Amino acid sequence: MFAGVGIAAYVLAMLATMPVGVFLKNRPWRTGVAGTVWNGEVGVAGGSVVAWQWAPLRSIANLGFAVDWTAKGPDTDLGGQAILWPGGARLDNVSGSADSSLLAALAPNLPFRCDVTMQVELPRLVLGASPMAAGNVTIDPGSCAAVTAAGPGLATPGAPVPTPAMILVAEHIGTESRIRLAPMGQRRRTLIDAALAEDGGYRVTLTQDGAAMLPFTGLPAGVTVESEL
């Protein structure tokens, strides 16, 4: 057992000292990388810089690559912890403010782009195997626009639509995470109702109120869309 732990620690140490550019592929949202896998940073289109510091003990305990990370830039001051495994990741204790350019980098296939600032409090977010979410995101007033494909890796935004202050709440209940988006001043007025199951299935419903307020989402009003991640 101890030999196995020692080998794992040695492999992690070797990987951690390699230049981060070896592992990060070029992406449209990336503006540059610096440092090593142990202690590096990557620029994000929109002006933010995501930096991380390897956490070796958490890495060994979780049999993954664990880091403490921060994201800083215009309207962005966010931080938390993360553990990465092949095909998945877990974010813990994510807290702070974030510009919507980070959302565009994390989810580039969304059919809309937004210009908003968000206040994030996410105790846990799991991506990949057994996905789940718990926490809340408050969204300041801003605007969003639908986008249409204009070629590989390109998108053309439509006319911006003003958006009010909103709150997104995620609660993990049983084997699924229930997610609701509502206006900040009318929290019982659901705009989007969604559920994310631990087996990767999800369903999303845009209500009639949501369709009127958020016409850029690309979802049909009152229809539940179901699929798998």
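Both backbone and side-chain heavy atoms feed into the values below; hydrogens, waters and symmetry mates do not. Here the structure is a predicted model, which is why all the values come from computation and not from measurement.
Scored by the side-chain contact (heavy atoms from CB on, under 4.5 Å) test, P215 finds V161 as partners (sequence neighbours excluded). In this structure, the side chain to side chain donor-acceptor pair (under 3.5 Å) partners of R189, at least two apart in sequence or on a different chain, are Q186, D209. Under the rule for a side-chain contact (heavy atoms from CB on, under 4.5 Å), the partners of Q81 that lie at least two apart in sequence or sit in another chain are R58, D68, D92, N93. Scanning for side-chain contact (heavy atoms from CB on, under 4.5 Å) contacts around S95 gives E121, with sequence neighbours left out. For R180, the side-chain contact (heavy atoms from CB on, under 4.5 Å) partners at least two apart in sequence or on another chain are A182, T190, D193.
Aromatic ring centroids of W38 and W54 lie under 6.0 Å apart.
For the side chain to side chain donor-acceptor pair (under 3.5 Å) condition, no pair includes a residue of residues 213-223, sequence neighbours left out. For residues 179-229, every residue pair satisfying the ring-ring contact (aromatic ring centres under 6.0 Å, His included) rule, not counting sequence neighbours, is listed here: F112-F216. Among residue pairs with one or both ends in residues 127-137, none qualify as side chain to side chain donor-acceptor pair (under 3.5 Å); sequence neighbours excluded. Residue pairs meeting the ring-ring contact (aromatic ring centres under 6.0 Å, His included) criterion with at least one partner in residues 172-191, sequence neighbours excluded, do not occur; the list is empty.
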Side-chain donor-acceptor distances from residues 218-229 under 3.5 Å, at least two apart:
from: T224; atom 1: OG1; to: T205; atom 2: OG1; distance (Å): 2.6

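Applying the 4.5 Å side-chain rule to ILVMFWY residues, one finds that V49 remains a lone member of its cluster. Cluster partners of W85, by chain and number: I83. The rule joins Ile, Leu, Val, Met, Phe, Trp and Tyr whenever side-chain heavy atoms lie under 4.5 Å apart.
R203 and E176 are joined by a salt bridge, as a carboxylate oxygen and a charged side-chain nitrogen come within less than 4.0 angstrom of each other.
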